Amino acid sequence: LGSGTASSSTVLYGDQTYKAEPGGGKILQVVNSTYTTVTTVTATGTSFADTGGTIAITPSATSSKIMLTMSIPFYAYRSSSDSARFNWRIIRTISGDTTIAEGKQGWIYGSWDGGNAAERVFGYVWCYTMLDSPSTTSATTYKAQFVNYESGTLHIQAETAPANYVALEVDGS
């Protein structure tokens, strides 16, 4: 069956030849983290607030990629509009050096909760997945930060639904 030499390091391909096993794309490690404390963001402008939760992973090779998934529950109080806006970013820290790994603006749309006529409440789960190439074998920490784009209060991570962070090291060779 097939030409070439069968061994623990070869794979039989569709053309019926044994070849070296392909590299890259393998999951090398998985790290999971949860966080349940509520963070309140009331300031507007450029002062980002940490969500409190972080995830750290130490890549085994500089060619590795980190697939990061964050799922963060939040709710917003708005008194004068039926929407709220916020800016977010994911920061990466390696050996004390912090950089922005990703950042964008988000919109929250929802409907009035029917309670206090002066407040509108919107509850959501912010989910984001990104692929990062940190080019390091040092411990790498990621965290999400938020800032209000308009007035209102943004409450991040309700106690009843924890935030979840997952980091996967992917073989980049």
Side-chain angles (χ1 to χ4, degrees), residues 1-39 41 46 48-75 85-109 122-147 149 154 156-173:
L1 178 67
S3 62
T5 304
S7 74
S8 62
S9 62
T10 60
V11 176
L12 180 61
Y13 281 79
D15 64 0
Q16 298 301 306
T17 59
Y18 285 96
K19 299 177 187 174
E21 184 177 0
K26 297 177 188 164
I27 303 298
L28 302 176
Q29 66 173 308
V30 177
V31 178
N32 185 50
S33 176
T34 59
Y35 192 74
T36 58
T37 302
V38 173
T39 301
V41 181
T46 59
F48 281 83
D50 289 343
T51 59
T54 62
I55 189 159
I57 189 167
T58 303
S60 60
T62 57
S63 61
S64 292
K65 305 214 182 289
I66 304 299
M67 183 171 184
L68 182 68
T69 300
M70 294 182 167
S71 173
I72 302 173
F74 66 90
Y75 56 95
R85 293 188 292 172
F86 61 93
N87 289 333
W88 61 268
R89 66 185 182 190
I90 297 173
I91 60 170
R92 171 196 330 110
T93 303
I94 303 170
S95 302
D97 183 28
T98 299
T99 56
I100 298 171
E102 186 78 8
K104 297 195 170 126
Q105 178 174 308
W107 289 82
I108 305 168
Y109 288 101
F122 310 94
Y124 292 89
V125 176
W126 176 83
C127 298
Y128 192 74
T129 300
M130 65 175 275
L131 187 63
D132 191 30
S133 301
S135 299
T136 187
T137 56
S138 297
T140 305
T141 303
Y142 296 91
K143 68 173 131 180
Q145 296 181 322
F146 291 85
V147 64
Y149 188 77
L154 184 64
I156 302 167
Q157 298 164 319
E159 295 96 344
T160 56
N164 290 297
Y165 310 92
V166 177
L168 293 89
E169 180 184 3
V170 180
D171 182 357
S173 60

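Because the structure is predicted, anything quoted here is derived from the model rather than measured.
Expressed to the nearest 0.5 Å, how far CD1 of I57 lies from CG of N32 amounts to 11.0 Å. Atom OG1 of T34 sits about 6.0 Å away from atom CG of N164, to the nearest 0.5 Å. To the nearest 0.5 angstrom, T141 atom OG1 is 12.5 Å from Y165 atom OH. We find the OG1-CD1 distance between T99 and I94 to be 6.5 Å, quoted to the nearest 0.5 Å. Note that CH2 of W88 and CH2 of W126 are 5.0 Å apart. Values are rounded to the nearest 0.5 Å. Considering CG of L168 and CG of L68, their distance stands at 9.0 Å, rounded to 0.5 Å.
When all heavy atoms of S133 and K65 are compared, the closest pair comes out as OG-NZ, 3.2 Å. Shortest non-hydrogen contact noted between I100 and R89 is CD1-NH1, 3.8 Å. Scanning all heavy atoms of the two residues, the minimum distance from P73 to S71 falls at CD-O, 3.8 Å. The minimum heavy-atom distance linking P134 with Y142 is given by the pair CG-OH, 4.1 Å. A144 and I72 get closest at one heavy-atom pair: CB-CD1, 3.8 Å. Taking all atoms of both residues into account, the shortest heavy-atom contact from L28 to S64 is CD1-OG, 3.9 Å.
Checked by atom type and distance alone, the side chain of T140 pairs as donor or acceptor with a backbone atom of S138 at under 3.5 Å. A distance-only check finds a donor-acceptor pair linking the side chain of S33 to the backbone of T54 [under 3.5 Å]. For the pair E102 (side chain) and M130 (backbone), a donor-acceptor distance under 3.5 Å is absent. With hydrogens and angles disregarded, a donor-acceptor distance shorter than 3.5 Å links the side chain of Q29 to the backbone of T58.
Donor-acceptor pairing under 3.5 Å is recorded for the side chains of T93 and T98.
Put simply, the side chain of T10 does not reach to within 4.5 Å of the side chain of T5, judged on heavy atoms.
If you run side chain to side chain contact (heavy atoms under 4.5 Å, CB included) between M67 and each of V30, D132, I27, T129, only T129 comes through.
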